[in-house]
Amino acid sequence: DPSNIQALINPPYASLRHTIEWFDYWALQEMLTDEVIVPTRGADWYDNGAWMQLHLQTWTPDHIRVKNVWDALNQGVSRANTAIYYIGQFPQDATTELDISEARFLRAYYMYLINDLYGQVPFRLSDDQDFSASPKVLTRQEAADYIISELKDILPNLKKKSEVGSDRVTVGAAEALLAKVYLNYEVYTGEAKWADVITYCDMLIND
């Protein structure tokens, strides 16, 4: 229903909560370092050894946090694809173009996190509706290059924070994510892209 586009663009935004809740993405970023530890008091906070395994770096691929973050981030990609596909079926105007660009940014952001954590990204385009077929799995370099191309493509369509507020994707968000991908590009591909890091950091600072 084109009169209720908000119902399509909201879900990929809602998936962002998984990047800040302490037990999801944040846990995998912090509890594996010396910055955070979850103390066990008797049986309290033991949780079948889940936190201890993270701290001792003895987790396995089926660890509950590793699996839950994988599921949550891929759900974000799927929700973004749903928004892109269905909003794309409506009569197109400035509003639909902006919403689709924001959904494409969110898809790229979730893909970036998946790529950074897991080193590969299962991916299908929004119009690939054959869910009985397995998605293509992008290598780390393929995913990084796709994310860069997506962000560059949507950058001219995004708005500044003064135009859309602080709760929507902005030009600055895309510039910051481009800088982060380029900052890690050598890790992902073996090729350094320092000049591009500086370019997008400068754009962000001056924006």
Side-chain angles (χ1 to χ4, degrees), residues 9-83 102-123 135 137-138 140 143-144 146-148 150-151 158 161 164-188 197 200-201 204-205:
I9 193 62
N10 282 348
Y13 272 105
S15 287
L16 288 171
R17 68 180 297 173
H18 294 291
T19 67
I20 59 172
E21 287 175 328
W22 67 270
F23 50 81
D24 278 332
Y25 173 75
W26 187 89
L28 294 190
Q29 291 295 300
E30 302 297 332
M31 293 179 189
L32 276 59
T33 72
D34 58 359
E35 295 181 355
V36 174
I37 185 172
V38 178
T40 299
R41 302 284 187 262
D44 193 29
W45 286 99
Y46 179 66
D47 294 348
N48 296 315
W51 306 114
M52 191 180 299
Q53 289 167 2
L54 291 181
H55 182 70
L56 297 175
Q57 302 198 8
T58 58
W59 70 87
T60 55
D62 60 351
H63 188 283
I64 185 170
R65 295 296 155 217
V66 174
K67 178 184 181 300
N68 284 3
V69 173
W70 171 265
D71 290 345
L73 296 177
N74 278 285
Q75 181 189 64
V77 172
S78 178
R79 287 175 165 181
N81 265 344
T82 298
E102 290 181 9
R104 288 172 67 187
F105 170 89
L106 292 167
R107 180 176 65 183
Y109 178 62
Y110 295 126
M111 289 178 65
Y112 165 75
L113 297 180
I114 295 167
N115 199 34
D116 194 58
L117 284 177
Y118 300 97
Q120 58 183 357
V121 181
F123 180 68
V137 178
L138 304 180
R140 216 167 199 185
Y146 180 81
I147 292 164
I148 289 169
E150 275 287 273
L151 294 172
L158 297 174
K161 187 172 74 170
V164 295
S166 59
D167 57 346
R168 299 288 293 267
V169 171
T170 62
V171 172
E175 292 165 346
L177 185 53
L178 275 164
K180 285 182 71 100
V181 177
Y182 280 126
L183 184 66
N184 291 285
Y185 198 80
E186 186 174 15
V187 175
Y188 300 154
V197 179
Y200 284 99
C201 284
L204 178 60
I205 291 167

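Since we're looking at a predicted model, the values are computed, not measured. Numbers here are sequence positions counted from 1. Hydrogens, waters and symmetry mates play no part in the numbers below; they use all other heavy atoms, side chains included.
Using a 4.5 Å heavy-atom threshold, the side chains of L73 and V69 count as touching. Counting heavy atoms from C-beta outward, R140 and Q120 have side chains that stay 4.5 Å or more apart. Looking at heavy atoms from C-beta onward, D62 lies out of side-chain contact with V66 at the 4.5 angstrom threshold. By the 4.5 Å heavy-atom criterion applied to side chains, V38 and H55 are not counted as neighbours. Counting only heavy atoms from C-beta outward, the side chains of N48 and I64 never approach each other to under 4.5 Å.
Checked by atom type and distance alone, the side chain of H63 pairs as donor or acceptor with a backbone atom of A50 at under 3.5 Å. Checking side-chain atoms of Y13 against main-chain N and O of V169 turns up a donor-acceptor pair under 3.5 Å. Judged by distance alone, the side chain of N184 and the main-chain N or O of K180 form a donor-acceptor pair under 3.5 Å.
Separating the CG atom in N68 from the CD atom in E21 is a distance of 10.5 Å, to the nearest 0.5 Å. Of the inter-residue distances, the one linking L138 atom CG with F123 atom CZ reads 7.0 Å to the nearest 0.5 angstrom. Separating the CZ atom in R104 from the CG atom in L151 is a distance of 9.5 Å, to the nearest 0.5 Å. Note that the CD1 atom of I37 and the CG atom of L54 stand 11.0 Å from one another [nearest 0.5 Å].
A perpendicular orientation is assigned to the rings of W70 and Y118, their planes being inclined by more than 60° (bins at 30° and 60°). Relative orientation of the Y109 and F105 rings is parallel, given thresholds of 30° and 60° on the angle between their planes.
When all heavy atoms are compared, the tightest approach of L158 to A174 is CD1-CB, 3.7 Å. Nearest approach of L204 to G172, heavy atoms of both residues: CD1-O, 3.4 Å. Here the closest heavy-atom approach between residue A80 and residue A103 is recorded as CB-O, 3.5 Å. Among all heavy-atom pairs drawn from P122 and N74, the shortest one is CG-OD1, 3.5 Å. Across A144 and N115, no two heavy atoms sit closer than the pair N-ND2, 3.8 Å. Nearest heavy atom pair, residue A179 against residue C201, reads CB-SG, 3.9 Å.
The salt bridge (Lys or Arg N to Asp or Glu O under 4.0 Å) analysis of residues 70-79, with sequence neighbours excluded, yields the pairs K67-D71.
Checking Y146 against R107 by side-chain atom types alone, a donor-acceptor pair falls below 3.5 Å. With no hydrogens or angles considered, no side-chain donor-acceptor pair links Q75 and Y110 at under 3.5 Å. For the residue pair Y188/D116, the side-chain donor-acceptor check at 3.5 Å is satisfied.
The one candidate from L177, L178, V171 that meets the side chain to side chain contact (heavy atoms under 4.5 Å, CB included) condition with E175 is V171. Just one residue in the list Y46, W22, W59 forms a ring pair (Phe, Tyr, Trp, His ring centres under 6.0 Å) with W51, and that residue is W22.
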Would you mind writing out the side-chain donor-acceptor pairs for residues 24-33 within the sub-3.5 Å range, not counting sequence neighbours?
| residue | atom | partner | partner atom | Å |
| --- | --- | --- | --- | --- |
| D24 | OD2 | H18 | ND1 | 3.0 |
| T33 | OG1 | E30 | O | 2.7 |
| T33 | OG1 | E35 | N | 3.0 |

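Counting heavy-atom neighbours within 6.0 Å of D44 CG, excluding the residue itself, gives a total above 12.
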Worked verdict on V77 versus L106 for side chain to side chain contact (heavy atoms under 4.5 Å, CB included): CA-CA 7 Å; V77 172; L106 292 167; over 6 Å; no
